[in-house]
Structures are given as C-alpha cells and as structure tokens.
Amino acid sequence: MKAVVIEGPGAQATLALREVPDPRPGESELLVAVRAAALNRADLRRTANHFAASDSSRPLAIAGVEMAGEVAGMGAGVQGFRIGDRVMAMAGGAYAEQTCIDHRLVIPVPESLSWQEAAATPITFVTAHDALLTAGQMKPGETVLVQGGGTGAGIAAIQIAKLKGAKTVFATAGAPEKLARLRSLGCDVALNYREDDVAAIVNRETAGKGVDLVIDIVGGSAAQVNIDALAIRGRIICVGRVAGVNATMNLDEFSRKRAHMIGVTFRTRSLEERIEAVRFFRADMLPALAARRLGPVIDSEMPLGSAAAAQERMRANQHFGKIILRV
Ligand SMILES: NC(=O)c1ccc[n+]([C@@H]2O[C@H](COP(=O)([O-])OP(=O)(O)OC[C@H]3O[C@@H](n4cnc5c(N)ncnc54)[C@H](OP(=O)(O)O)[C@@H]3O)[C@@H](O)[C@H]2O)c1
C-alpha cells in the first residue's frame, strides 16, 4: 500500500509518500481502508521529534493519528462488524491507504457525515467532550471560557458546551475574522486575546463572578488569564499548549480562587481508559453528530501525497478548522 512515512535523518525529518507493506490486523483489531485522514498538532511534533531523540536507525514510521474509512478485514476476536462498515477513529499510521485499530476504539460514521467530516471528528470531539464533561464535570447553566477557540479542539469545545446547556460560552482567538466564526459556532462572547483584556471582560460579563470552567488549549501566556477569569472553586482543564509549555502564574490568586487545575492527554492513557472515553462519546454525542447539530469545520483538503505541504499550512497557522488528506 501507499503511505506517508517520516524519513530521517535526525531533526531534518521529512514526509514522503512510499510503498510499504500492508498492515495485518491483530486479534482484536479492524483493518480499515482509509478514505480520509485529518491533521493534528501532534503530527507536527512527531515529524520533528521522531528521529531527533534517537539515532537514524529507528524503524520506518507512518505519520498520522486520525482517519475515517471502511472496514476491510478483522482479527479473529472481533465481533459486531462487517466488511464495508464506515468507521472513524484516533489511529496510528493514519496517513495511509490502510491502517489497523482496536475495534473498541472506533466510532461508527453516521450516514450524514462525509468522509472528510468523519476524519475530522474523532480527536478534537472526543478530546473536547472528555475535557468538558469527564475532567471538567460541566453542568447545564455553567459558564465556560475556551482559550484557543479557533483550534480544532476549541471549535469542538464551543459546540459541545452549548449543546450541553452552558449558559455563556466565552472563547478567544487571535484574529478579527476568526471571532465571527466562533460566534457562528455558538460562542456567546468572542474575544481577541491580542487586543482584549480577556479576564476583565469575562469578569464584567459574569457580574464579577468569573467562569465556572476554563478549557485551556493555549497554555503559556494564557495561564494567568485563566486564573484571573475563574470563579471561586472554578476548574481549569489543560488540554493544549499552542502558546508554549511553560507558564508563570500567581499562586496566591490560584489559592484564593481555590481553583482546581487538571491536565489531560491521551498519550498516557491505558487502552481501557481510551476505550471508556470513546464509549462515553459514542453514547452521549453520536445522535447529535448524526443530526448535524454539531460537527467539525473543514479548512482544506489535499491529496495524501501533499502531507508535507499540509503540515506546513498547519505550522504557519494559516488554517481555521481541520486540514484533510484525501486517500
Ligand atoms: N489533551 C489532549 O488530549 C489533546 C488532544 C488534541 C489536541 N491537543 C492539543 O491541543 C492543541 C491544539 O491542537 P489542535 O490540533 O486543535 O490545533 P490547531 O487546530 O492546529 O490550532 C491552531 C490555532 O492555534 C492558535 N495558536 C497558535 N499559536 C498560538 C499562540 N502562540 N498563542 C495563542 N494561540 C495560538 C492559532 O489560532 P489564533 O489565530 O486564533 O491564535 C492557530 O490557528 C495542541 O497543543 C494539541 O497538542 C490535546
């Protein structure tokens, strides 16, 4: 099959479309004929770091972590699937004509979703759902601030928060044209973090109380704003770090707010924990997704062979929504 592989040496790693051996599903895995893959910020990190941390003898790696496609085969231990079923999932080796994934980690693709929309859904929507409802314990009537509303995860978080009955959703982005797009997704108060005093406006709009929940996809410079915009006993869920992994914050104010701060990632979750996050998402969100009450924003689509250009578009922050690779 054809696949986009990360090629060394070292930190100069590049992406190239190559002929590689077909994957074979394990006992509990599905073999999926990929129709579309979607880019994620983590893909950039992986391309840059795959060889940098090691020597160039490290084995060939297929890029990508998210895709949608049709079931083309399965291991002996898989039940409940048929050849041709439409599925989407967070799955390694997604920039390829075929990949394998544990059958408990896939989400059925509703008829109403295109392949592009399906590929764009699993990571951002499961991440945002997990951050809001499992880590964040969001309740109807609460107020939410999404830091990084224009990221893939932010776009999903705004929509899920509104669907789940958030009273007011605040969200930040870095360009005026993006603020209108955040509003069109259901955001009540869209703020430009480059120009607006985000914490002051949040406090004013909540009558001095602050928000109950912050979904932080920005990190870095957003850390202090999160505390300043938070209600007493509010929760901050650290999802992403597009502005940097290091932050300075006033711990006295953090304590005064009696704030709760929780980090989330899928990188350190066991298979069982990932299965549970996907199961909860399927049970809770699939009907709304099928009815198109929420869904991903597609930025652009390119052929699989243009993966390097697609990652360059993401690196330059030229996109709004998901960049898709057509397989
Ligand atoms: N915890 C998890 O399970 C999980 C899962 C998925 C993703 N993530 C993380 O979430 C983050 C976003 O990923 P994504 O794929 O959704 O990203 P994305 O769609 O590529 O987000 C890109 C946007 O981030 C904003 N941005 C970039 N640099 C910034 C900076 N220095 N300050 C503020 N905003 C900046 C830009 O929007 P503006 O023009 O509006 O600034 C840019 O368009 C990443 O850190 C990723 O690793 C975590």
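Below, each value reflects all heavy atoms present in this structure, side chains not excepted, and no hydrogens, waters or symmetry copies. Both counts, for ligands and for their atoms, begin at 1 and track the order of listing.
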Restricting to ring pair (Phe, Tyr, Trp, His ring centres under 6.0 Å), what partner residues turn up for Phe281, sequence neighbours left out?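 For Phe281 the ring pair (Phe, Tyr, Trp, His ring centres under 6.0 Å) partners, ignoring immediate neighbours, are His129.
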I'd like to check the ring pair (Phe, Tyr, Trp, His ring centres under 6.0 Å) partners of Phe266; sequence neighbours left out, ordered by chain and number.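 Checked Phe266 against ring pair (Phe, Tyr, Trp, His ring centres under 6.0 Å); zero matches.
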As a test of reading the model: which N/O atoms of the protein lie under 3.5 Å from N/O atoms of ligand 1, and at what distance?
residue  : atom   : partner : partner atom : Å
ligand 1 : 1 (N)  : Val239  : O            : 2.9
ligand 1 : 1 (N)  : Val264  : O            : 2.9
ligand 1 : 15 (O) : Arg41   : N            : 3.3
ligand 1 : 16 (O) : Gly152  : N            : 2.9
ligand 1 : 16 (O) : Ala153  : N            : 3.0
ligand 1 : 19 (O) : Gly152  : N            : 2.9
ligand 1 : 19 (O) : His319  : NE2          : 3.4
ligand 1 : 20 (O) : Arg41   : NH1          : 2.8
ligand 1 : 20 (O) : His319  : NE2          : 2.9
ligand 1 : 34 (N) : Tyr193  : OH           : 3.3
ligand 1 : 37 (O) : Lys178  : NZ           : 3.2
ligand 1 : 39 (O) : Lys178  : NZ           : 2.6
ligand 1 : 40 (O) : Gly174  : N            : 2.7
ligand 1 : 41 (O) : Tyr193  : OH           : 2.5
ligand 1 : 43 (O) : Lys178  : NZ           : 3.0
ligand 1 : 45 (O) : Arg241  : N            : 3.0

Non-hydrogen atoms of Ser28 and His103 that approach each other most closely: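 Smallest heavy-atom distance, with atoms named: O-ND1, 2.8 Å.
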Check whether any side-chain heavy atom of Leu185 sits under 4.5 Å from a side-chain heavy atom of Leu294, and report yes or no. no
Are Phe81 and Val87 packed together at the side-chain level, in the sense that at least one heavy-atom pair is separated by less than 4.5 angstrom?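 Result yes, sub-4.5 Å side-chain heavy-atom pair found.
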Can you sort out the partners of Ala175 under side chain to side chain contact (heavy atoms under 4.5 Å, CB included), two or more places apart, ordered by chain and number? Glu177, Lys178
